[in-house]
Amino acid sequence: MSLALLQEVATNFGPIAAIGAGLAAIGGGIGVGKIGGAAMEAMARQPEMQGKLQGSAIVLIAFIEAVALFGVVVSFLVAG
Amino acid sequence: MSLALLQEVATNFGPIAAIGAGLAAIGGGIGVGKIGGAAMEAMARQPEMQGKLQGSAIVLIAFIEAVALFGVVVSFLVAG
Amino acid sequence: MSLALLQEVATNFGPIAAIGAGLAAIGGGIGVGKIGGAAMEAMARQPEMQGKLQGSAIVLIAFIEAVALFGVVVSFLVAG
Amino acid sequence: MSLALLQEVATNFGPIAAIGAGLAAIGGGIGVGKIGGAAMEAMARQPEMQGKLQGSAIVLIAFIEAVALFGVVVSFLVAG
Amino acid sequence: MSLALLQEVATNFGPIAAIGAGLAAIGGGIGVGKIGGAAMEAMARQPEMQGKLQGSAIVLIAFIEAVALFGVVVSFLVAG
């Protein structure tokens, strides 16, 4: 068996990393969903604050996006 | 055993990446569902805000779509 | 062992990809179910908005369908 | 080991795809259950809207059926 | 088998580390989502405190971000 070939076999456990990317997306979904859902309810209770609430929601969502996208990117790099 | 054949064996752990794509879709479902459901309830409470609430919901949903679709795409690339 | 046979063995990890398709369908079910359920309750609270609420629900559901169907399609491609 | 026998072993990873079909059915169950349950409650609250609510429920359920049935079909194709 | 080769094989279980990155992102999503969602509801109840509540939310979210990003980074280093 050639060395290059075995090397290739060894590096092919990579697809399991896709599970990590999927899990990161679940995290993003749970978090953004919770904030977004609460923002909707808040807008219904204080209609005149709709713009401000949307702004605050996006600021807070940014923290989730950071971890989730970072997790997806790391999964991709790890798979390589 | 031919080199090309073993190579093919090695690259066939890929299907496990589909689990990642599925998990990413779960994340999208949970998140969009939560925001959309809350938007529906908010519309029922403030019927005159229906248009604005739908707009805000779509803005917030966009953040989930980004991570979820990114996760599905990464799963697909990783599987390759 | 014939070359064609080993090739067949190698390509048979594919069925695991079906789990990904199933997970994507779970995501679609959770999300559409949450939005649809909330839409039903909203219609009961504001009967005169039934048409508008159904329209908004379908718009929001489209975002879930996109990720879920995309996930199923990727699972199918990955299995190939 | 005869060639035919090994061939049979090789093609028998397929049944794992049935797990995907089952998961897709779980997704359908969760989603349709949520919409249907909410529709029931809505009908109880607004008895005169029973027909319209049933119609809306069926429209929204169609979106879940699409993903769930698609997931089951893909599981079946993948198993083949 | 050469020592260098076996070493390489051994280090290629790395992709499983991506699952850790994904789990860390789930943790971040749940935590930030819960704080952010509660912050939204609090803003709706006390509209004049919107700025202060957002500030407090970000301070509290920082503690979750620290652990989640640390988890993602460790997963990445472990995979290497």
Side-chain angles (χ1 to χ4, degrees), chain A residues 1 3 6-7 9-46 48-49 52-53 55-57 59-64 66-80, chain E residues 1-2 4-48 50-51 53-54 57-58 61-62 64-65 67-69 71-80:
Chain A
M1 229 191 278
L3 200 145
L6 196 65
Q7 203 164 25
V9 174
T11 55
N12 272 297
F13 289 105
I16 214 169
I19 294 176
L23 292 173
I26 287 183
I30 292 173
V32 177
K34 219 158 234 171
I35 293 181
M40 284 295 132
E41 287 170 18
M43 285 176 198
R45 218 181 300 167
Q46 301 283 350
E48 73 282 3
M49 279 187 74
K52 279 192 177 177
L53 285 168
S56 283
V59 167
L60 297 173
I61 282 167
F63 289 93
I64 297 171
V67 184
L69 287 175
F70 196 22
V72 173
V73 169
V74 163
S75 294
F76 185 56
L77 292 174
V78 163
Chain E
M1 229 193 276
S2 79
L5 182 61
L6 197 66
Q7 203 164 24
E8 194 172 3
V9 174
T11 54
N12 273 297
F13 288 106
I16 215 170
I19 294 176
L23 292 173
I26 287 184
I30 291 173
V32 177
K34 219 157 235 174
I35 293 180
M40 284 295 132
E41 287 170 18
M43 285 176 199
R45 219 178 300 165
Q46 300 284 349
E48 73 281 4
Q50 198 240 353
L53 285 168
Q54 190 178 312
I58 290 171
I61 283 167
I64 298 171
E65 289 287 294
V67 183
L69 287 175
V72 172
V73 168
V74 165
S75 294
F76 184 56
L77 293 174
V78 163

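- Minimum interatomic distance between E:Gly37 and A:Ala38 (heavy atoms only, all atoms of both residues): O-CB, 3.2 Å.
- Looking only at heavy-atom pairs under 4.5 Å with chain E, the residue among A:Gly71, A:Gly29, A:Ser56, A:Gly31 that has the most is A:Ser56.
- E:Ala44 pairs by the side chain to side chain contact (heavy atoms under 4.5 Å, CB included) definition with A:Ala42, A:Arg45, A:Gln46, not counting sequence neighbours.
- A pairwise comparison of heavy atoms in E:Ala39 and A:Leu60 identifies CB-CD1, 4.2 Å as the closest pair.
- With respect to chain E, the highest number of heavy-atom pairs below 4.5 Å among A:Val32, A:Ile35, A:Leu69 belongs to A:Ile35.
- Residue E:Ile61 touches chain A through its side chain alone, counting heavy-atom pairs closer than 4.5 Å.
- Remark: E:Ile19 CD1 to A:Ile16 CD1 distance equals 4.5 Å, nearest 0.5 Å.
- For the set E:Gly27, E:Gly28, E:Gly33, E:Gly51, the entry with the most heavy-atom pairs within less than 4.5 Å of chain A is E:Gly33.
- Nearest heavy-atom pair, A:Leu53 versus E:Gln50, reported as atom, atom and distance to 0.1 Å: N-NE2, 4.5 Å.
- Between A:Leu23 atom CG and E:Leu23 atom CG the span is 5.0 Å, to the nearest 0.5 Å.
- You'll find the side chain of E:Glu41 reaches within 4.5 Å of the side chain of A:Glu41, heavy atoms only.
- Contact tally against chain A (heavy-atom pairs below 4.5 Å) for E:Ala21, E:Gly36, E:Pro47: the top residue is E:Pro47.
- Most heavy-atom pairs under 4.5 Å with chain A, from the set E:Lys34, E:Met43, E:Met40: that is E:Met40.
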